Amino acid sequence: MGPKIPRPRGTRDLLPEDLPRVRLLEDTARRVAERAGFGEVRTPLFEDVRLFARTLGEASDVVEKEMFAVPRRGEAGGAWAFRPEGTAGAARAYVEAGLAQRAPFQKWWYCGPMFRYERPQKGRERQFVQFGAEVFGSACPEVDAELADLVLTFFEELGLSGLELRVNTMGDPHDRRAWGDALRAHFSGRLDGRCSDCRTRFERNVFRLLDCKVESCVDANVGAPTLDQYLGAEARAHFEGFLAALAALGREPVRDPGIVRGLDYYTRTVFEVHDPGLGARSALCGGGRYDRLVEELGGPPTPASGFAVGFTPTEAALEARGLPTAAVLEPYRALQRPEVYVVAITDEDRSAALALTRELRRAGLRADLDLKGRRPKGQFKEASRRGARLAATLGPEERAAGEVVLKDLESGEEVRVPRSTLLDRVRRLLGAPPA
RNA sequence: GUGGAUGUAGCUCAGCUGGUUAGAGCGCCAGAUUGUGGUUCUGGAGGCCGGGGGUUCGAGUCCCCUCAUCCACCCCA
């Protein structure tokens, strides 16, 4: 044996036994999104690193340290990066396809792996799956409400209750700038009592001072200017429209001024969905409006809005509630069980058993057989363990007579049937309509 | 990047203050008279005790280093 090669840090292998749970999440996402008129998009798992550098900020930690980058070959230089999120790629594809000119209004959804090079911990992996949706081409606040409602519906259909929708507005760029200036003016003479992180944040991103968790800093934030004081009339009306639309949908959001996205391209609406039961890392979903992103990526000015759900925290929230239930997973598990298990009595029957198995499969049934040379007893044992409904036995006598012995593995009843009527008989025993 | 905890069979774990050939349960494989499963019984395979170094007559057990995992911080698209 050669030395073992470990799996990459922060990743996991999803084995057949894990897949029912994963597929439930994926199918729920697909169902909810397609029902609401969203079309699926699949963009590359890697992009030019500049795409993310431009959308997330050149000098940010994110780009410098947390991106999976791969040097590009050739003289062009530069690097590829595994996508850390889905929005940038979707917006890039939107621009590249020229949709802003030929069909500007688009509703998209996606679900797939994302990557970030960070030290793994609870609810945080280097490769993880996100479900997201983006709407391009409309500035209406109803879009934001539809998106928030969509993601809440996704959670509800998984059985998650008691989740909290937290909303806020970032205002328009002009409002943000005015507020940022006011914050810098406010804090410039008051950095003495702050933690070292806050002093760095003051230079890089003043807004981050507001959600510092150090106790003395929290106290020092009292009396700082609020965005509300600088919010323009249009942004204010937009936020009110968002809240009104949510109310019409029966949603009761919590106003949370603490949601302050550091990225420049966010505008107006921001929201998060939290599971209060999860403690510190309670965010399951983040979303908001990014009216400047498409333009930033070389397209015409195009309003846009979206959200992304992390499957990892969603799974944690489900697990905390004992979900999903066995009943919900049953349809997925059933797909992993053969309907018919074919048993060969002697070695001379094995090739005929293989042919019979294929015949059943071609008829659309899940059929399997022993490929380990087990004796009949072992084959029946395997049939039970695999959860097969029926066993189809083929021995010298049956072959000579052109028959098969069908056994219902639950009741133990056996019937001898001619090959010609086998399929109908199997379907009847399985409770399916005869073809 | 910083700190803490943990690494013994495929999985969950025992191994008392260092002492002979390292154990259990589950799982896996096989048998219980030769063409019939789920239960039971019996047997079997499977461990360089994460890796390296040190202390000792002797190390799974003590010390150091290293790697990995988990947790927290940082950061969060």
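Owing to the predicted nature of the structure, the values given are computational and were not obtained by experimental measurement. Chain identifiers are assigned alphabetically (A, B, ...) following the order of the sequence lines, protein sequences preceding nucleic acid strands; residue numbering begins at 1 within each chain.
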Are A:Tyr94 and A:Glu96 packed together at the side-chain level, in the sense that at least one heavy-atom pair is separated by less than 4.5 angstrom? no

Check whether any side-chain heavy atom of A:Ile259 lies under 4.5 Å from a side-chain heavy atom of A:Arg166, and answer yes or no.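 Side-chain contact under 4.5 Å: yes.
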
If pairs are Watson-Crick or G-U with both distances under 3.5 Å, what is the dot-bracket string of RNA chain B, marking crossing pairs with [ ] and pairs to another strand with |? (((((((..((((.....[...)))).(((((.......))))).....(((((..]....))))))))))))....

Results of side-chain hydrogen bond (donor to acceptor under 3.5 Å, both in side chains) for A:Arg366 - residues two or more places apart only: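 None.
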
Taking side-chain hydrogen bond (donor to acceptor under 3.5 Å, both in side chains) as the definition, give me every residue that meets it alongside A:Arg251, ordered by chain and number, with sequence neighbours left out. A:Asp149, A:Glu156

For the pair made of [atom1] in [X] and [atom2] in [N], what is the distance, rounded to whole Å?
{"X": "A:Glu413", "N": "B:rU36", "atom1": "CD", "atom2": "P", "value": "19 Å"}
{"X": "A:Leu15", "N": "B:rG10", "atom1": "CG", "atom2": "P", "value": "16 Å"}
{"X": "A:Asp370", "N": "B:rG37", "atom1": "CG", "atom2": "C1'", "value": "13 Å"}
{"X": "A:Leu369", "N": "B:rU36", "atom1": "CG", "atom2": "C1'", "value": "16 Å"}
{"X": "A:Arg9", "N": "B:rC67", "atom1": "CZ", "atom2": "P", "value": "10 Å"}
{"X": "A:Arg126", "N": "B:rA77", "atom1": "CZ", "atom2": "P", "value": "19 Å"}
{"X": "A:Glu17", "N": "B:rC11", "atom1": "CD", "atom2": "P", "value": "12 Å"}
{"X": "A:Met170", "N": "B:rA77", "atom1": "CE", "atom2": "P", "value": "10 Å"}

Those residues that, when tested against [X], pass side chain to side chain contact (heavy atoms under 4.5 Å, CB included) (two or more places apart):
{"X": "A:Ala355", "value": "none"}
{"X": "A:Glu410", "value": "A:Arg389, A:Asp408"}
{"X": "A:Ala235", "value": "A:Asp172, A:Asp175, A:Leu231, A:Arg268"}

Pairwise [atom1] distance, [M] and [N] [rounded to whole Å]:
{"N": "B:rC48", "M": "B:rC28", "atom1": "P", "value": "22 Å"}
{"N": "B:rU61", "M": "B:rG18", "atom1": "C1'", "value": "6 Å"}
{"N": "B:rC26", "M": "B:rA59", "atom1": "P", "value": "34 Å"}
{"N": "B:rA45", "M": "B:rG4", "atom1": "C1'", "value": "40 Å"}
{"N": "B:rC13", "M": "B:rU8", "atom1": "C1'", "value": "9 Å"}
{"N": "B:rA22", "M": "B:rG60", "atom1": "C1'", "value": "8 Å"}
{"N": "B:rG52", "M": "B:rA14", "atom1": "C1'", "value": "27 Å"}
{"N": "B:rG46", "M": "B:rU39", "atom1": "P", "value": "26 Å"}

A:Arg119: which residues meet the salt bridge (Lys or Arg N to Asp or Glu O under 4.0 Å) condition with it, sequence neighbours left out?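 With neighbours one apart ignored, the set is empty.
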
Proximity to RNA chain B (any heavy atom under 4.0 Å), residues of residues 391-405 of chain A only: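 Here the set is A:Thr393, A:Glu397, A:Glu398.
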
Filter on ring pair (Phe, Tyr, Trp, His ring centres under 6.0 Å), then keep only pairs touching residues 292-347 of chain A, sequence neighbours left out; what's left?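 Residue pairs passing ring pair (Phe, Tyr, Trp, His ring centres under 6.0 Å), neighbours aside: A:Phe131-A:Phe307.
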
Is a donor-acceptor contact shorter than 3.5 angstrom present between the side chain of A:Ser384 and the base of B:rG38?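 Looking at the base of B:rG38, it does not pair with any donor or acceptor on the side chain of A:Ser384 (distance under 3.5 Å).
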
Pairs in or reaching into residues 307-318 of chain A: which pass salt bridge (Lys or Arg N to Asp or Glu O under 4.0 Å), with residues at least two apart or in two chains?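 Pairs touching residues 307-318 of chain A that pass the test: A:Arg12-A:Glu315, A:Arg21-A:Glu315.
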
Going by side-chain hydrogen bond (donor to acceptor under 3.5 Å, both in side chains), name the pairs with one or both residues in residues 368-377 of chain A, residues two or more places apart or in two chains.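 As it turns out, the side-chain hydrogen bond (donor to acceptor under 3.5 Å, both in side chains) pairs with a partner in residues 368-377 of chain A, which skip direct neighbours, are A:Arg350-A:Asp370, A:Arg361-A:Asp368, A:Asp368-A:Arg386, A:Asp370-A:Arg374, A:Arg374-A:Glu382.
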
Look at the side-chain N and O atoms of A:Arg119 and state whether any lies under 4.0 Å from the OP1 or OP2 oxygen of B:rG1.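 For B:rG1, neither OP1 nor OP2 has a side-chain N or O of A:Arg119 closer than 4.0 Å.
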
Once you apply a heavy-atom cut-off of 4.0 Å, does [X] come out as touching a base, just sugar-phosphate, or nothing?
{"X": "A:Arg124", "result": "base"}
{"X": "A:Glu414", "result": "base"}
{"X": "A:Gly412", "result": "base"}

Lys NZ or Arg CZ of A:Arg116 over A:Phe128 ring: under 6.0 Å, within 45°: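 So A:Arg116 does make the cation-pi contact.
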
Within this structure, what is the CG-CG distance for the pair A:Leu323 and A:Leu158, rounded to the nearest 0.5 Å? 8.5 Å

Nearest-nucleotide comparison on RNA chain B, the residue closer to the 5′ end among A:Gly10 and A:Phe115: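 Looking at RNA chain B, the more 5' nearest nucleotide goes with A:Gly10.
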
Nearest-nucleotide pick for A:Gln121, side chain only, options being B:rU69, B:rG37, B:rC73: B:rC73

So if I define the base as every atom that isn't primed, P, OP1 or OP2, how would nucleotides 26-34 of chain B read as a B/S/- string at a heavy-atom cutoff under 4.0 Å? --SSSS---

